[in-house]
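Written out below as structure tokens is the structure these notes cover.
All heavy atoms count here, side chains included; hydrogens, waters and symmetry mates do not. Because the structure is a prediction, the values reported are computed rather than measured. Residue numbers start from 1 in every chain, and the chains themselves are labelled A, B, ... in the order their sequence lines are given, proteins ahead of strands.
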Amino acid sequence: MASGDSKPPRVEGVGHFSLRHSLLGPSLFKAGQDKVDQNKVGEIIYNASKGSKFFKHEEKRDEQLTKRIEIILRRKKHLESLDLSSQIRRVDEEIAALEASRDLSQIIVHVDCDAFYASVEELDRPELKEVPMAVGGGVLTTCNYKAREFGVRSGMVGYIAKQLCPQLVFLPPSFHKYTAKAEEVREVLVKYDDRYEAASVDEAFLNITEYLEDHKDMTPDQVVEQIRCEVLEHTKISVSAGIAPNARLAKVASNQNKPNGQFCIPNDRETIMHFMRTLPVRKVNGVGRVFERELDAVGVKTWGDVFALRGILSKLFSEKAWSFLLNCYLGLGRTYIHPVAEYERKSLGTESTFKDLSGPRPLREKLRSTAQELEKDLLAANLAGRTVTVKVKLHTYQVHSRQKALHRSIFSAEDLYNYALPLLQELEEEPSPVDEAEAP
DNA sequence: CGGATCGAC
DNA sequence: CTATGTCGATCCG
Ligand SMILES: Nc1ncnc2c1ncn2[C@@H]1O[C@H](COP(=O)(O)OP(=O)(O)OP(=O)(O)O)[C@@H](O)[C@H]1O
């Protein structure tokens, strides 16, 4: 396609720009990895991906999204032709109400371990600190910062990572080690807020308002400095942290100075509004590649852009989405933090991907084994489920699922299999499955 | 309720 | 010749 064609090469480049951007992965953007030559990395990933079945699937998704965006833009054009002044008044009242509820009394901290799985592995094998290293095989779960200099990222396929960085060392994950190390980290956190909230294995929110009350000689930054030092001493793991009046901002802040750094967004309305004004939408949790593109299409690149478009945006997106936008624009978020223990889990499932096999017999074997796997997990968690879901991934990467609400709770492999089988058979109508999963 | 999609880690 | 696994939230029919 390089020559002989009347189509200038630039057109193709532009046509695939968003796809290229998404192939680069979110982390490249979420945490400002400046050292990497993004263009070169993008080039390598693009060329390595081009032509694969996975890539074709991504192209299809990208095309679909482009269509959806066209619809959004048409609706926007229509809205622009209307008189929105009363709508804008309503929004302004909404803003005033939110503003009145703004709570700047709490000091929330988000703690995030740096390259967690990789860091834990480096403790066992310190020589790995000096070389690019990743945890995972087919797909990387994470990598150390040496590897990130080459553009290697979480969620990347191993062979592409290898192309970006031929010296990359791969380690298989050992999850038990990570959960054990996470416990050690929490032993420190609990001293600063005994009702800290574990957000994932390597992240937690703390409310240090009380701690500050009891240590009036310390600033929030000093307390967090101390937390990070203590975690490092106690566990040899370095962590980054964000300090802010609410969880949403604390999370953004913790990404600002990583690795091994911290950032404080002070409890001051003006400072917060100023910070949000230029903050790219994607930096906030909940905005992924799809929402980012939709927002970009309607003219919202940073949170400050929301205000000028408030009349239109409030009609363009769902109520939930609009409320989310408004809260982000204002820099509002959750100000209460509590342990996740007092919380009901909603689902438990297991899934695995395997090579193409379409014969229905082997497929049933797979169903039986995943049912057994699931029974094990359910017993370990002492749970049973009232809904069974069967998920199948085709060789095209298309995913289909069938679920059924039951009259009673089940947990045995036998029951799981029996209830799941008819669902699988419905799905078998579709051609050549690769994969399956289950959840109650 | 059921299915698909999005997003996080 | 190669693209994960697990979970929660949301939207829509
Ligand atoms: N796409 C993914 N698939 C599976 N596991 C993931 C994925 N992304 C992250 N993880 C796991 O969750 C852990 C925490 O992820 P997180 O996004 O906080 O990044 P990190 O590896 O800790 O690095 P850093 O926070 O310094 O950027 C990681 O160590 C990683 O192994």
Side-chain angles (χ1 to χ4, degrees), chain A residues 22-23 25-27 30-31 45 48-58 60-61 64-65 68 110 112-113 115-117 134-142 153-163 170 172-173 175 178 182 198-204 251 254-255 281-294 317-324 340 343-356 370 373-374 377 381 386-406 423 426-427 430 434-440:
Chain A
S22 74
L23 282 167
S27 35
K30 286 252 181 196
I45 296 178
S49 304
K50 193 167 53 182
S52 67
K53 278 183 184 175
F54 178 80
F55 185 80
K56 287 190 174 36
H57 180 249
E58 291 297 297
K60 203 161 281 162
R61 287 183 49 169
Q64 248 191 317
L65 178 54
R68 270 180 45 191
H110 181 252
D112 189 335
C113 301
F116 187 53
Y117 295 178
V135 179
V139 171
L140 310 184
T141 83
T142 192
R153 291 293 180 277
S154 304
M156 187 175 274
V157 220
Y159 80 95
I160 289 184
K162 194 103 195 167
Q163 287 187 31
F170 292 84
F175 296 106
Y178 314 142
S200 74
V201 66
D202 79 322
E203 286 177 34
K251 169 83 185 165
S254 71
N255 278 315
V281 290
R282 184 69 180 266
K283 298 266 184 186
V284 169
N285 243 17
V287 180
R289 72 163 176 179
V290 171
F291 204 16
E292 179 189 35
R293 264 193 71 191
E294 292 179 354
F317 291 101
S318 73
E319 198 170 322
K320 283 245 159 73
W322 164 241
S323 164
F324 173 77
V340 276
Y343 184 65
E344 290 255 332
R345 104 151 41 234
K346 304 260 170 87
S347 73
L348 194 156
T350 173
E351 64 184 271
S352 66
T353 304
F354 36 83
K355 294 216 149 25
D356 290 23
T370 54
E373 188 64 25
L374 190 54
D377 296 348
R386 297 181 50 79
T387 303
V388 196
T389 304
V390 175
K391 191 174 110 183
V392 167
K393 180 156 72 185
L394 306 182
H395 60 6
T396 57
Y397 294 95
Q398 270 187 80
V399 173
H400 297 284
S401 68
R402 284 285 178 284
Q403 60 178 320
K404 185 86 187 136
L406 311 174
L423 300 177
E426 283 181 50
L427 289 164
E430 327 264 345
V434 231
D435 168 54
E436 53 140 324
E438 252 193 287

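Nearest heavy atoms, A:I160 versus A:A48: CG1-CB, 3.9 Å. Across all their heavy atoms, A:A182 and A:V201 have their closest contact at CB-O, 3.3 Å.
Candidate nucleotides B:dG2, B:dA4, C:dA3 were compared by shortest atom distance to the side chain of A:H400, and B:dA4 ranks first. Of the candidates B:dC9, B:dG7, C:dA3, the closest approach to any side-chain atom of A:F291 belongs to B:dG7. Of the candidate nucleotides C:dC7, C:dA3, B:dG2, C:dA3 has the atom lying nearest to any side-chain atom of A:Y159. Here C:dG5 is the nucleotide among B:dG2, C:dG5, C:dA3 with the atom lying nearest to any side-chain atom of A:E351.
Evaluation of the ring pair (Phe, Tyr, Trp, His ring centres under 6.0 Å) rule for A:Y117 yields A:F175, A:Y178 as partners, not counting sequence neighbours.
Within 4.0 Å of A:S49, counting heavy atoms only, lies at least one base atom of the nucleic acid. At the heavy-atom level, A:Y343 lies under 4.0 Å from the strands shown only through sugar-phosphate atoms. Here A:G138 lies out of heavy-atom contact (under 4.0 Å) with every strand. Contacts of A:K251 with the nucleic acid, taken as non-hydrogen atoms under 4.0 Å apart, involve only primed sugar atoms and P, OP1 or OP2. Among the atoms of the strands shown, none is found under 4.0 Å from any heavy atom of A:L140. Residue A:T387 is out of contact with every strand shown, counting any heavy-atom pair closer than 4.0 Å. Residue-level contact check: A:E58 touches neither bases nor backbone, having no heavy atom under 4.0 Å from any strand. Using a 4.0 Å heavy-atom criterion, one finds that A:F116 contacts no nucleic acid atom at all. When heavy atoms are screened at a 4.0 angstrom cut-off, A:H57 is found touching no nucleic acid atom at all. Counting any heavy atom pair closer than 4.0 Å across all strands shown, A:R61 reaches sugar-phosphate atoms only and no base atom.
Nucleotides of DNA chain C nearest to A:K346 and A:Q163 differ in position, and the one nearer the 5' end is that of A:Q163. If you find the closest nucleotide of DNA chain B to A:K404 and to A:A199, the one lying nearer the 5' end belongs to A:K404.
Regarding A:K162, its NZ atom lies at a distance of 18 Å from the P atom of C:dC1, rounded to whole Å. A straight line from CD of A:E344 to P of C:dC7 spans 15 Å, rounded to a whole angstrom. Taking atom CD of residue A:E373 and atom C1' of nucleotide C:dG5, one finds them 12 Å apart after rounding to whole Å. Following rounding to the nearest Å, A:D202 (CG) and C:dC7 (C1') show an atom-to-atom distance of 15 Å. Nucleotide B:dG7 holds its P atom 7 Å from the CZ atom of A:R282, rounded to whole Å. Atom CG of A:N255 and atom P of B:dA8 are 11 Å apart (whole Å). C:dT2 atom C1' lies 16 Å from atom CZ of A:F55, rounded to whole Å.
A close approach under 4.0 Å does occur between a side-chain nitrogen or oxygen of A:T353 and OP1 or OP2 of C:dG5. Look at A:R345 and you'll find a side-chain N or O under 4.0 angstrom from OP1 or OP2 of C:dC7. The phosphate of C:dG5 has neither OP1 nor OP2 within less than 4.0 Å of any side-chain N or O from A:K393. The side chain of A:R68 contributes an N or O atom lying less than 4.0 Å from OP1 or OP2 of B:dC6. Taking side-chain N and O atoms only, A:R289 has no distance below 4.0 Å to OP1 or OP2 of B:dC6. At least one side-chain nitrogen or oxygen of A:S401 sits closer than 4.0 Å to the OP1 or OP2 atom of B:dA4.
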Provide a list of protein-nucleic acid N or O atom pairs under 3.5 angstrom, restricted to nucleotides 10-13 of chain C.
from   : atom 1 : to     : atom 2 : distance (Å)
C:dC11 : OP1    : A:S318 : OG     : 2.4

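A distance of about 16 Å separates the C1' atoms of C:dT4 and B:dG7, rounded to the whole Å.
Dense packing is recorded around NZ of A:K162, with more than 12 heavy atoms of other residues, nucleotides or ligands lying under 6.0 Å away.
Residues A:K391 and A:V399 form a side-chain contact, since some pair of their non-hydrogen atoms from C-beta on lies under 4.5 Å apart.
For the pair A:E58 and A:R289, the salt-bridge criterion is met [side-chain N within less than 4.0 Å of a carboxylate O]. Salt bridge present: A:E203 and A:K251 bring a charged side-chain N and a carboxylate O closer than 4.0 Å.
Here the two rings, on A:Y397 and A:F55, have centers that are 6.0 Å apart or farther.
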Run A:F324 and A:V287 through side-chain contact (heavy atoms from CB on, under 4.5 Å) and show every step you take. CA-CA 10 Å; A:F324 173 77; A:V287 180; 3.7 Å; yes
